[in-house]
2 protein chains.
Amino acid sequence: MNSERIRSNPKNLNLEDIARKAGVSRSTVSRVINNEPYVSQRTREKVMAVVQQENYAPNPAARTLVTRRTRVIGVVIPTSIQLVFEDSAYFPALLQGVVDVTNTRDYATLLWWGNSEADEQTLYNRILQQNRLMDGLILASIRTDDALIAHLMRMKVPFVTVERPTTYHSEISYVTVDNVEAAENAVKHFIDIGRRRIATITGALNNPDGQDRLLGYRLALEKAGMPVDEALIADGQFRYQTGYEMTKGQLLPLNPDAIFAASDVMAHGAIQAIHEAGLRVPEDIAVIGFDDLPTAMQSKPTLSTVHLPVHERGFVAASILLDLIEGKTQETRQVILPTELVIRESCGTHLRPVSK
Amino acid sequence: MNSERIRSNPKNLNLEDIARKAGVSRSTVSRVINNEPYVSQRTREKVMAVVQQENYAPNPAARTLVTRRTRVIGVVIPTSIQLVFEDSAYFPALLQGVVDVTNTRDYATLLWWGNSEADEQTLYNRILQQNRLMDGLILASIRTDDALIAHLMRMKVPFVTVERPTTYHSEISYVTVDNVEAAENAVKHFIDIGRRRIATITGALNNPDGQDRLLGYRLALEKAGMPVDEALIADGQFRYQTGYEMTKGQLLPLNPDAIFAASDVMAHGAIQAIHEAGLRVPEDIAVIGFDDLPTAMQSKPTLSTVHLPVHERGFVAASILLDLIEGKTQETRQVILPTELVIRESCGTHLRPVSK
DNA sequence: CATCAGCGTGAGAGCGCTCCCAGATTCAGG
DNA sequence: CCTGAATCTGGGAGCGCTCTCACGCTGATG
């Protein structure tokens, strides 16, 4: 046990008590606590000694009441359990990026996580009602035309989204990745290694990420002068099950030689369907996913995929938010982080080398 | 947009303002807001009308200052990033269970998540300093002999742990599963279907979960009158990579016909090593994992494993904590949730039916 | 020696709420 | 009609802090 290294304040003393014990006024203790100037070195040390000895910590509620600052930020994840559960690495990584910042800059992180889409409205109401609990918000997977965002802007609550905004482009701060370019690079890689019947399984198309990844697929084919066959585009909704079903029912009968899936879990579903049909990956059909989840390295064959800087996304979003809150930045900021195509076994690069 | 359904309080009115507009006193508005008796129906409606119209929400800091309640609970996850990242489904599921409760009972959830083991002490200090921010805590993966727990008890902060405690058995509340029995059942199943050289890959043995699962393995063999060969026990630390390496380097040369892994990710690592050695799962070596992650259903062969009620664990822990906070329960509570052996392809049950 | 800027300290007000107490009103029962 | 209990309402204190202001002190400057 290392009790002596931990501070706590069992007696719940207040500023007044500390002042009395140190023989100074409440104001002076406040100045010392907040590291303000105009306190003599002698007094400062005297007060600090008492503070240490009594394990005094100021009451956050009293502080907030007058400063109107809480040193707490909120992270809003309205997503229902299904998506979170399958793509379970995304939110932990994002949150880890956020807490990396809040831990070092001494903020606390309040988690607003929905349990079902039906309750989304209830969650938003609670967040708005309790907005004085937080100095600012990070919004994950929230449509920018959502009423929540309009309210936050009106109430002047600082916030940063980690989604490509569909409106307010320069009025709100966001951190995202170039999904179009990332998808384009993946499909271009298929073309470069000689694949010709390239199919895609899209994500949910009401989602900017889903839309952009499909756009990248189209652009890559067009730029290569190849026709876009709409039949080779299957709607997969980001999910394992639909990835499997769409491959089995829609794509395999059309004999594709490559599949670009807009998420890793759909890619794994596709591979499962391909194997069940007695075909090989990547020899018969090459596959590239999107996300680079830990499972990409663990599957057989290992999955080629687009690596997303998820941790960095949370990190940058939190950094921007705190700068906004602390007034270090006045203007909104828009950040687009780079992605990387990670080549593993499933895309068949080792079979037919890039033709330059 | 559905702005009209969302409430917000842009003008930041206070009780006094509402009272003036409603033509009553501050006290009366307070009674209405808090749904207290001794307010006439007429007055109540008059006040509610103004509250609705102005989208008034009470200031939580002011409220907390006098009630000493925050309606916020904290969830502490000191675990470093590596473990979280591989076994990434565990904490989201646990958190989801917690927020299911906090959402319906109108509490907010503060996330204390460490970024490295080195900073664990710093994190604990921050939690203790800021303890007045929360009404209680849920502690995940924290050793019960940790100094943090001693401090919380001394400060009379209500808390519930989701780990088998190593001390204070009846003094603290916890929610856990019977790891010993679960592991015993898994190994017993191997024995029942005729496997005789049963190996195990253990979790981290400084962890109660890891210890108990190994104990269950030993008990199953002993009860069946089979010898425990220490060479067939490999230390896997819960991780994919070590699961793979231990199987390849230590276990395969000993020709086991079954492997019980103390986590799914290790089981997947083991299967990978078995396949690379040109052997088949489950024909040559049967495998059972532990956790029942979503990936268990997606691998090939699908993974037999012990299903853990992780969501329920968070749910029950949060329920107990809120009961404790609200005084609905005085005493601590200890809950052991049931596990379930989920039979899929990797354990070979379909090959050699249970011999009764 | 008077003046004044700058440092160091303390007193008082007030953030927005809850809670206690006192007073007003209503109404049943003798 | 009076009494006392129950119901309703308002005023005041106070939770623990920050922030503004005023005041005393020091030492440099003209």
Side-chain angles (χ1 to χ4, degrees), chain A residues 9-48 50-51 54-72 129-135 155 326-327, chain B residues 9-48 50-51 54-72 129-135 326:
Chain A
N9 179 14
K11 295 167 228 156
N12 276 348
L13 297 181
N14 61 23
L15 261 194
E16 200 81 48
D17 300 324
I18 302 299
R20 201 176 318 112
K21 283 180 196 277
V24 296
S25 76
R26 206 184 41 214
S27 308
T28 301
V29 179
S30 176
R31 286 191 192 94
V32 174
I33 293 288
N34 294 295
N35 222 356
E36 284 172 12
Y38 300 129
V39 178
S40 71
Q41 193 56 30
R42 269 198 56 220
T43 313
R44 195 177 294 271
E45 280 163 9
K46 192 169 57 182
V47 172
M48 280 310 290
V50 178
V51 167
E54 304 291 339
N55 282 331
Y56 170 75
N59 183 318
R63 219 171 213 188
T64 297
L65 189 55
V66 28
T67 60
R68 284 151 198 289
R69 282 286 163 75
T70 60
R71 294 197 80 82
V72 174
Q129 290 265 332
Q130 303 270 55
N131 81 81
R132 299 238 234 3
L133 226 54
M134 303 161 284
D135 292 338
M155 298 163 75
E326 293 172 358
Chain B
N9 179 17
K11 295 167 233 159
N12 276 346
L13 298 180
N14 62 22
L15 260 193
E16 199 82 49
D17 300 323
I18 302 298
R20 201 175 318 114
K21 283 180 196 278
V24 296
S25 76
R26 205 185 41 212
S27 307
T28 301
V29 179
S30 176
R31 286 192 193 93
V32 174
I33 293 287
N34 294 296
N35 223 358
E36 284 172 12
Y38 299 129
V39 179
S40 71
Q41 193 57 30
R42 270 198 54 222
T43 312
R44 196 177 293 272
E45 281 163 9
K46 195 169 57 182
V47 171
M48 279 311 289
V50 178
V51 167
E54 304 291 340
N55 283 330
Y56 169 74
N59 183 318
R63 218 172 213 186
T64 296
L65 188 56
V66 28
T67 61
R68 284 150 196 290
R69 283 287 163 75
T70 60
R71 294 198 79 82
V72 174
Q129 289 267 330
Q130 303 271 53
N131 81 80
R132 299 240 235 0
L133 226 53
M134 302 161 285
D135 292 339
E326 293 171 359

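Every chain is numbered from 1 and lettered A, B, ... according to where its sequence line falls, protein lines coming before strand lines.
Of the side-chain N and O atoms in B:S30, none sit less than 4.0 angstrom from OP1 or OP2 of C:dC17. At C:dG16, none of the side-chain N or O atoms of B:N59 fall inside 4.0 Å of OP1 or OP2 (strictly under the cut-off). The shortest distance between the side-chain N/O atoms of A:R63 and the OP1/OP2 oxygens of C:dC15 is not below 4.0 Å. For the pair A:T64 and D:dC17, the criterion of a side-chain N or O lying under 4.0 Å from OP1 or OP2 is not met. Between B:T43 and D:dC8 there is no side-chain polar atom (N or O) within less than 4.0 angstrom of OP1 or OP2. In this structure, B:S40 does not reach the D:dC8 phosphate: none of its side-chain N or O atoms is under 4.0 Å from OP1 or OP2. Side-chain nitrogen and oxygen atoms of B:N34 include at least one within less than 4.0 Å of the OP1 or OP2 phosphate oxygen of C:dT18.
For A:S27, whose side chain is taken as the heavy atoms from C-beta onward, the closest listed nucleotide among C:dC15, D:dC19, C:dT9 is D:dC19. Looking at the side chain of B:Y38, the nearest of the listed nucleotides D:dC8, C:dG16, D:dC17 is D:dC8. Distance from the side chain of A:R31 is smallest to D:dT20 among C:dG16, D:dC17, D:dT20. For A:N14, the listed nucleotide lying nearest its side chain is D:dC17; candidates were C:dC19, D:dC17, D:dT18. Closest to the side chain of B:S25, from the set D:dG10, C:dC17, D:dC17, is D:dG10. Checking D:dG10, D:dT9, D:dG16 against the side-chain heavy atoms of A:A62 singles out D:dG16 as nearest. With D:dG16, D:dT9, D:dC19 as the candidates, the nucleotide lying closest to the side chain of A:L65 is D:dG16.
With contacts defined as side-chain heavy-atom distances shorter than 4.5 Å, the pair A:R71/B:L133 does not qualify. Taking the side chain as every heavy atom from C-beta outward, A:T43 and A:V24 approach each other to under 4.5 Å.
For the pair B:R68 CZ and C:dG16 P, the computed distance is 20 Å after rounding to whole Å. For B:R44 and D:dT7, the CZ to P distance is 13 Å, given to the nearest whole Å. Counting to the nearest Å, the P atom of C:dG16 and the CG atom of B:D17 are 8 Å from each other. Atoms CG (B:L15) and P (D:dG11) sit 14 Å apart, rounded to a whole Å. Put simply, CZ on A:R69 is 11 Å from P on D:dC19, counting in whole angstrom units. Here C:dA11 presents its P atom at 13 Å from CZ of A:R20, a figure rounded to the nearest Å.
At a cut-off of 3.5 Å, with distance as the only test, no side-chain donor of A:S27 or A:S30 sits close to an acceptor on the other residue.
To the nearest 0.5 Å, the span separating CZ on A:R68 from CG on B:N59 amounts to 7.0 Å.
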Starting from the C-alpha separation in whole Å, work towards a yes-or-no answer on side-chain contact (heavy atoms from CB on, under 4.5 Å) for A:V72 and B:V72. CA-CA 12 Å; A:V72 174; B:V72 174; over 6 Å; no

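With the nearest nucleotide of DNA chain D identified for both B:G23 and B:V66, B:G23 has the one nearer the 5' end.
For C:dG16, its base never sits under 3.5 Å from the side chain of A:R132 at any donor and acceptor pair. On a pure distance criterion of 3.5 Å, a polar donor-acceptor pair joins the side chain of B:R26 and the base of D:dG12.
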Donor-acceptor contacts, no H, no angles, side chain residues 15-23 of chain B, under 3.5 Å, sequence neighbours left out:
residue : atom : partner : partner atom : Å
B:D17   : OD1  : B:R20   : NH2          : 3.4
B:D17   : OD2  : B:N14   : N            : 3.0

